[in-house]
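Data first, discussion second: the structure below is written as structure tokens.
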Amino acid sequence: MNIFLYNTMYRELREFKPLKDEEAGMYACGPTVYNYAHVGNLRTYIFEDILRRTLAYAGYRVTHVMNVTDVGHLTDDQDDGEDKMLKSSRETGMSVWDIAEYYTKAFFKDTTRLNILDPHVVCRATEHIDDMIELVKRLEKRGHTYEAGGNIYFSIDTFDQYGRMANLNLEDLQSGARIEVDQNKRNPKDFVLWFTKSKFENQVMLWDSPWGKGYPGWHLECSAMSMKYLGEQFDIHCGGTDHISVHHTNEIAQSEAATGKKWVRYWCHGEFLLDDTGKMSKSKGEFLTLDLLIKHGFDPLDYRYFCLGAHYRSQLRFSFQALEQAKTSRNNLAARIAELKKDQVEAADTLDAPAQAYVDRFEAHAAKDLNMPRSLSELWGLVRDSSIAPAQRLAGCYRMDLILGLSLKDIAPAGEELLDEESASLIAEREEARKDKDFAKADTIRDILQKRGIDIKDTPSGTVWRKRV
RNA sequence: GGCGCCGUACCCAAGUGGUAAGGGAGAGGUCUGCAAAACCUUUAUGCACCGGUUCGAAUCCGGUCGGCGCCUCCA
């Protein structure tokens, strides 16, 4: 299985060839834990999960590293704006450390519910300050830094290829210098590596450094931690599309300037999920969280399925109507899987040619830049191909689910779902009514059961029911 | 201003040179006490519009109109 990924660095699909045979190292930009994740954030982690699962499916030993940004950062490099962690702390009365802990837990609770596999390494910025300081020292030694106004800056003019991935034109950037306000910067796109002057009162996250007590610039952690866990050169770095022009651009500059080596081989970026107003934001009060979707009656996997319906590099507009359609579709899929499992049918150990043909196409679509809409379409094709034996179809579906992550194995066989007593007695009562030809009563009970999430089917061989997923 | 993207059926959404995947919704049929499910049939001679290239274009090129994202902490 040869995987092709769209590489932002070259703006084209390129075959994935890892640094080391059989191994794939990937670093994913993780959350800043000052608030709950919104579903737009989560879309990106679903994309990364698909990437990871596809690599593993293809036989690579994957090392998936993700950072957790638990250091408060300025809202921009101009030293204005607010520190998000501090802001959250002030608003909730919790300490910044507790805030970080609380939202980190909330984040992983969400990802777990979405069947997103835990990264092999989760690294917290606050636990890697020494590594960041070491990196700044290396940059200092190589002449890429300068001190001004108490802060240590990275000088982008000392790095040849600055802005290459983002197609930034340095002269255009320079011309914008006149309107910049930070007099400390030699070039307006220079960025801070280490702050020693905090304008914030109550700044509690401070560390000693050769340049004084302070805290790291926000690009630093990803460079320092990714290299620590994956080496100075590694295969894949991914994140949201918004990171291309600033965050990743600066990471590349400081990483490659420090080592003198090419850093990352494949850059993969997930597109945004939009809401009605366009961009999703956390600053508008209530925003779309996974919990909110659950409150509206959706299963987290409905959202995962919804995301699978669009390609990760396409913007996707969120709407409850579209999510509702995804939910229905997933439910129908589960019903078919349940039907295949009926009568103790087990997945076959090996695939015959007809089922394998579907799996082959599925793999081809996944391998071509993670085309989940197409892959999903092959799943549907297999599921409803009645010329193929249930055991074969099941086996094929399970294979596909290794990448899709829809928990198809967990679906109970038709008629074997757990049922609460009340529903069970309602079903029995309805049976009686039908025997007595009291169809009005039977239909009323059927409606009640419907509302409880139980579908009723009267077949020639008796009544069967199914719990919607 | 710089970078980039999109406009495909009623809805969501793939497809980037060879004649429109899939899902949701709808319609007809078989079945049923009625339903549901399942199965069969069905819903874009056309992919914003106008030109061009080509044997052939939703796909390439040019233009027009419309919509969007990033560039500032954000996935």
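Atom set for the values below is all heavy atoms of this structure, side chains included, hydrogens, waters and symmetry mates excluded. Here is the naming used below: chain letters follow the sequence lines, and residue numbers restart at 1 for every chain.
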**OP:** Ignoring hydrogens and angles, state whether a donor on the side chain of A:Thr463 or A:Arg434 is under 3.5 Å from an acceptor on the partner side chain.
**Re:** yes
Original post:
Which of these passes ring pair (Phe, Tyr, Trp, His ring centres under 6.0 Å) with A:Tyr27: A:His64, A:His120, A:His237?
Top reply: A:His237
**OP:** Indicate, with a heavy-atom threshold strictly under 4.0 Å, whether A:His311 touches base, sugar-phosphate, or nothing.
**Re:** sugar-phosphate
Original post:
Is a donor-acceptor contact shorter than 3.5 angstrom present between the side chain of A:Arg313 and the base of B:C6?
Top reply: no
Subject >> Contact under 4.0 Å: A:Lys342 side-chain N or O vs B:A38 OP1/OP2 >> reply: no
**OP:** Choose from B:G24, B:A14, B:C3 the nucleotide whose nearest atom is closest to any side-chain atom of A:Pro373.
**Re:** B:A14
**OP:** Would you mind reading off the distance between A:Asp455 atom CG and B:A36 atom C1', rounded to a whole angstrom?
**Re:** 7 Å
**OP:** Can you tell me, in whole Å, how much space there is between the P of B:C55 and that of B:C65?
**Re:** 32 Å
Original post:
Which nucleotide sits closest to the side chain of A:Gln315: B:G69, B:A14, B:A75?
Top reply: B:G69
Subject >> P-based separation of B:C49 from B:G66 [nearest Å] >> reply: 15 Å
Subject >> Selection from B:C71, B:A75, B:A14 that lies nearest to any side-chain heavy atom of A:Val246 >> reply: B:C71
Original post:
Taking CG from A:Asn332 and P from B:C12, how many angstroms apart are they, rounded to a whole number?
Top reply: 19 Å
**OP:** Scan every strand shown for a Watson-Crick or G-U wobble partner of B:U19, both distances under 3.5 Å, and answer none if you come up empty.
**Re:** none
**OP:** May I ask you to verify whether the side chain of A:Asn41 and the base of B:C74 hold a donor-acceptor pair under 3.5 Å?
**Re:** no
Original post:
Angle class for the A:His269/A:His248 ring planes (parallel below 30°, perpendicular above 60°, tilted otherwise)?
Top reply: tilted
Subject >> Distance, C1' atom - from B:U8 to B:A13, rounded to whole angstrom >> reply: 9 Å
**OP:** Figure out the CG/P separation between A:Leu323 and B:C12, and round it to whole Å.
**Re:** 14 Å
**OP:** Look at the side chain of A:Asn331 and the base of B:G24, then say whether one donor and one acceptor between them are separated by less than 3.5 Å.
**Re:** no
Original post:
Of A:Gly270 and A:Arg330, whose nearest nucleotide on RNA chain B comes first from the 5' end?
Top reply: A:Arg330
Original post:
Starting at CG of A:Leu308 and ending at P of B:A14, how long is that distance when rounded to a whole Å?
Top reply: 12 Å
Subject >> Base B:A75 paired with A:His269 side chain (donor-acceptor, <3.5 Å) >> reply: no
Original post:
To the side chain of A:Leu316, which of B:A75, B:A13, B:C34 is closest?
Top reply: B:A13
**OP:** May I ask you to verify whether the side chain of A:Arg43 and the base of B:A75 hold a donor-acceptor pair under 3.5 Å?
**Re:** no
**OP:** Take the protein atom CD of A:Gln321 and the nucleotide atom P of B:A25, then report the distance between them rounded to whole Å.
**Re:** 11 Å
Original post:
Which residue lies toward the 5' end of RNA chain B, A:Gly40 or A:Tyr6, if each is placed at its nearest nucleotide?
Top reply: A:Tyr6
Subject >> OP1 or OP2 of B:C34 under 4.0 Å from side-chain N/O of A:Lys457 >> reply: no
Subject >> Separation of B:U8 C1' from A:Arg374 CZ (nearest whole Å) >> reply: 13 Å
**OP:** Please work out if A:Tyr45 contacts a base, only the sugar-phosphate, or nothing of the nucleic acid, heavy-atom cut-off 4.0 Å.
**Re:** sugar-phosphate
Original post:
Please give, in whole Å, the distance from B:C70 C1' to A:Leu168 CG?
Top reply: 11 Å
